[in-house]
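Notes follow the structure.
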Amino acid sequence: MEKLPRPFEKYVPIIEDTLAEIFVDKDDNILEKSMAYSVLSKGKRIRPVLALTTYELCGGRDLKEISKCASGIELIHAYSLIHDDLPAMDNDDFRRGVPTNHKVFGEAIAILAGDSLQTLGIELIANHPEGSSFIRKRMRSLRQVLNAIGRKGMALGQAQDISKKDDEFDEKSLLEMHQLKTGKLLEASIVCGAIWANADSKTLKTLKTFAKPLGISFQLSDDILDEVSTIEKLGKTPGKDKRDNKKTLVSLWGLEKAKVNLENYLSLALRSLAPFGDKAQDLRDIARFIAKRDF
Ligand code: GRG
């Protein structure tokens, strides 16, 4: 895929500006340097782009203010990548085309950078949008994100991924692990954008129905890329899952069935957007990008 879809062209510059503002003092000390190193490296910014897209879809208009809480989600994602790359976890040398955080700053600082990105992300979501009339929105979005990343979300998914033996994973438990590890934060991004725009409960329900198959499409395309792509395109070492004998959706289904299932989950995600009609074109484009991306 050469050209990024419209929502990326529109929202990524806003997110990049906000991230640059957050790390304006990035040379102050080793912790800031290490945090900024990972956050400002070349990420796709899928989660904040999803949040800003649903925000505008649901009628939100203050993109600049919302870019702060949406960036909070990106910081939490960056934390998870730093910790995932550590020797005690996935032990990776490259991420986003550059050496992993611990390779540059050492393990101890990388752990602290991850910790601090998580708390800073939470702080941004707790504080934006600013103003006493938005307290309820801030609490609701914070609850979504906290539920997505902790012991009932991303951290649990990661724990299952690390501790379960491969023969303990069947299709159901593998999908559940991925839903926890990556699906829930994607879902929280989608839902938070709508909460910030004051969406009603019916709209939130439709968006959650979209988020589930989208999360599986995201993981499937990640697993397929790990099998077929190159380090130049991915910015990280491909083929690792196979080398480590890890059970993935591709090893479970085989490459061809995985591709067919990816199409099916993408169709499911696209169909779930029907209640929005033409207004959801940006979300459809993001879903197609997530499923068809080559990096
Ligand atoms: C450390 C608690 C904890 C959790 C780690 C996110 C995660 C959980 C692990 C990452 C391992 C991994 C490669 C999972 C596959 C899906 C994924 C999150 C890919 C990276 O996300 P992208 O493609 O990355 O959005 P960029 O770099 O574009 O932001």
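Counting starts at 1 for both ligands and their atoms, following the listed order. If you read the sequence from its start, that first residue is 1, and numbering goes on from there. Source: prediction; values computed, not measured.
Salt-bridge annotation for E263 and K292: present, with a side-chain N of the basic residue lying under 4.0 Å from a carboxylate O of the acidic one. Using a 4.0 Å cut-off between a side-chain N of Lys or Arg and a carboxylate O of Asp or Glu, D200 and K205 do not qualify as a salt bridge.
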Close N/O pairs between ligand 1 and protein, under 3.5 Å:
| residue | atom | partner | partner atom | Å |
| --- | --- | --- | --- | --- |
| ligand 1 | 21 (O) | R47 | NH2 | 3.4 |
| ligand 1 | 23 (O) | K44 | NZ | 2.7 |
| ligand 1 | 25 (O) | R47 | NH1 | 2.8 |
| ligand 1 | 25 (O) | R47 | NH2 | 3.4 |
| ligand 1 | 27 (O) | R96 | NE | 2.8 |
| ligand 1 | 28 (O) | K44 | N | 2.8 |
| ligand 1 | 28 (O) | K44 | NZ | 2.9 |
| ligand 1 | 29 (O) | H77 | NE2 | 2.7 |
| ligand 1 | 29 (O) | R96 | NH2 | 2.8 |

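Residues R95 and S41 bring no donor and acceptor atom of their side chains to less than 3.5 Å of each other. Checked by atom type, the side-chain pair D282/T53 shows no donor-acceptor distance below 3.5 Å. For the residue pair S267 / N264, no side-chain donor-acceptor distance below 3.5 Å is found, with atom types taken as modelled.
The side chain to side chain contact (heavy atoms under 4.5 Å, CB included) check on I111 picks up H83, L86, D115, with sequence neighbours excluded.
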